[in-house]
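Encoded as structure tokens, the structure appears first; notes follow it.
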Protein chains: 2
Amino acid sequence: MENRTGPSAGAPARLDSAGVDPNTLRGHLDALILAVVEHEPRHGYAIIEALQERSGGALDLPTGTVYPALRRLERAGFVASEWDVVGGRRRRTYRLTRAGRAELADQRSSWLEFTRAIGQVLNPRPQGA
Amino acid sequence: MENRTGPSAGAPARLDSAGVDPNTLRGHLDALILAVVEHEPRHGYAIIEALQERSGGALDLPTGTVYPALRRLERAGFVASEWDVVGGRRRRTYRLTRAGRAELADQRSSWLEFTRAIGQVLNPRPQGA
DNA sequence: ACACTACATGTAGATTCGCTATATGTAGAG
DNA sequence: CTCTACATATAGCGAATCTACATGTAGTGT
């Protein structure tokens, strides 16, 4: 879609290459976060970095997006956090809970269905091909 | 994610089978609509039906979603509409414009990038596999 | 000492799109 | 008449993402 001004701008300044439109990110972010803490706990800043690296730079997310999402996930019981001091700085580390693990599995399944449904409409296969 | 009350409920009553979460639909709807009018003009109600059929029932969208989207698309110049009377009823038919065709191509490209980025984070491929 | 960058966390408020709820009207069947 | 199907429309709500802004520590360079 076309660019728009405001927080949901289609191509904000931070997405300098082929970034993901924030509108399309909606509904997926929580699962993405669960995925990057699946195998080891990480603190917020490291989660932001992991999202960027694993997506090849397409997911370069503002802290204003990620931190409230972590709040939501913890409130929902999908992650649990604890505070540490590392090198003189406080750090809040998040680990996946059992419920979070189940939720991630569920979200992966939903992702498959989502991509199937959208993909079928957006790129219909020719009949009889 | 968990169900929520209000218009953005995760699993509204109308999604009785494997439906698409409205949060994840966001940002994709316009492209979906452009896709179903790509090869022939359709009126609003027929667009809703086509979306449902082509998605295998996963996209069962309320009129309150689709009609404002058609408004947006027409305002943006991606579709053009005209009124007819069919069988004694008025009907508003939408056709894809040249700009809309270009936009649809752009959106298809964005979809590929989007699925790549999200898929890579959500389901990382094992290293050295 | 100061300025700057990196690391690390947090949040108020604006924007936007999808939904619910609601409305209007015609045609056809029972 | 009632009900369903067809067909269109829109006000207002909710919530997630972003921008903008804030705080603080550590390390480097001048």
Side-chain angles (χ1 to χ4, degrees), chain A residues 1-15 19-33 42-49 51 59-76 81 83-94, chain B residues 1-15 19-33 42-49 51 59-76 81 83-94:
Chain A
M1 297 290 109
E2 63 198 353
N3 286 357
R4 300 180 190 87
T5 58
S8 299
R14 71 169 52 253
L15 302 177
V20 162
D21 174 0
N23 277 323
T24 60
L25 177 65
R26 190 176 174 103
H28 297 290
L29 176 60
D30 292 2
L32 293 171
I33 290 172
R42 294 178 197 269
H43 63 279
Y45 193 83
I47 287 168
I48 289 168
E49 284 185 326
L51 287 170
L59 294 173
D60 187 7
L61 305 180
T63 57
T65 295
V66 173
Y67 285 111
L70 285 165
R71 290 284 79 63
R72 290 198 309 266
L73 286 171
E74 184 155 34
R75 206 181 312 130
S81 70
W83 288 96
D84 306 301
V85 174
V86 181
R89 313 183 209 203
R90 56 186 202 131
R91 176 181 283 185
R92 190 165 182 176
T93 301
Y94 300 86
Chain B
M1 297 289 109
E2 61 197 357
N3 286 355
R4 300 183 190 85
T5 60
S8 300
R14 72 171 51 253
L15 303 178
V20 162
D21 174 0
N23 278 322
T24 59
L25 176 65
R26 194 176 174 98
H28 297 291
L29 176 59
D30 292 3
L32 293 170
I33 291 173
R42 294 178 197 269
H43 62 279
Y45 194 84
I47 287 167
I48 289 168
E49 285 185 326
L51 287 169
L59 293 173
D60 187 6
L61 305 180
T63 56
T65 296
V66 173
Y67 285 111
L70 286 166
R71 289 284 81 63
R72 290 198 307 266
L73 286 171
E74 185 156 32
R75 208 181 310 128
S81 70
W83 289 96
D84 305 302
V85 174
V86 182
R89 312 185 209 199
R90 54 184 204 133
R91 175 181 284 183
R92 190 165 181 177
T93 302
Y94 300 85

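Residue numbers start from 1 in every chain, and the chains themselves are labelled A, B, ... in the order their sequence lines are given, proteins ahead of strands. Predicted, not measured: the structure shown is a model, and the values here were computed from it.
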Tell me, please, which residues at least two apart from A/Arg90 pass side-chain contact (heavy atoms from CB on, under 4.5 Å).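 A/Arg90: side-chain contact (heavy atoms from CB on, under 4.5 Å) contacts with A/Trp83.
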Closest approach to the side chain of [X], judged atom by atom: which nucleotide of [options] is it?
X: B/Trp83; options: D/dT10, D/dA9, D/dT17; answer: D/dA9
X: B/Arg89; options: D/dA26, C/dT11, D/dC6; answer: D/dC6
X: A/Thr63; options: D/dT8, C/dG10, D/dT17; answer: C/dG10

Value rounded to 0.5 Å, distance of CD in B/Glu49 from CG in B/Asp60: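 One finds 10.5 Å between CD of B/Glu49 and CG of B/Asp60.
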Nearest 0.5 Å please: distance from the CG atom of A/Leu70 over to the CD1 atom of A/Ile33.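 If we round to the nearest 0.5 Å, A/Leu70:CG and A/Ile33:CD1 are 4.5 Å apart.
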Could you check how far [atom1] of [X] sits from [atom2] of [N], rounded to whole Å?
X: B/His28; N: C/dT16; atom1: NE2; atom2: P; answer: 18 Å
X: B/Asn23; N: C/dT16; atom1: CG; atom2: C1'; answer: 13 Å
X: A/Ile33; N: C/dT9; atom1: CD1; atom2: C1'; answer: 14 Å
X: B/Glu49; N: D/dT8; atom1: CD; atom2: P; answer: 10 Å
X: B/Glu74; N: D/dT8; atom1: CD; atom2: C1'; answer: 14 Å
X: A/Leu32; N: D/dT17; atom1: CG; atom2: C1'; answer: 13 Å
X: A/Arg90; N: C/dA6; atom1: CZ; atom2: C1'; answer: 16 Å
X: A/Leu73; N: C/dG10; atom1: CG; atom2: P; answer: 13 Å

Is any side-chain N or O of [X] closer than 4.0 Å to OP1 or OP2 of [N]?
X: B/Arg71; N: D/dA9; answer: yes
X: A/Arg92; N: C/dG10; answer: yes
X: B/Tyr67; N: D/dT8; answer: yes

For the pair B/Asp84 (side chain) and B/Val86 (backbone), establish whether a donor and an acceptor sit closer than 3.5 Å, ignoring hydrogens and angles. no
By the 4.0 Å heavy-atom rule, please label A/Gly88 as base, sugar-phosphate, or nothing.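 Answer is sugar-phosphate: A/Gly88 comes under 4.0 Å of backbone atoms only.
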Kindly say whether, by distance alone, the side chain of A/Arg72 makes a donor-acceptor pair under 3.5 Å with the base of D/dA16? no
C/dT16 base / B/Arg26 side chain donor-acceptor hit below 3.5 Å: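 By the distance-only test, yes, there is a pair.
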For A/Leu32 and A/Leu61, run side-chain contact (heavy atoms from CB on, under 4.5 Å): C-alpha distance rounded to whole Å, both residues' side-chain angles, the deciding distance at 0.1 Å, then the answer. CA-CA 12 Å; A/Leu32 293 171; A/Leu61 305 180; 5.7 Å; no
Judged by nearest nucleotide, the residue sitting upstream toward the 5' end of DNA chain D, A/Gly87 or A/Leu29, is A/Leu29
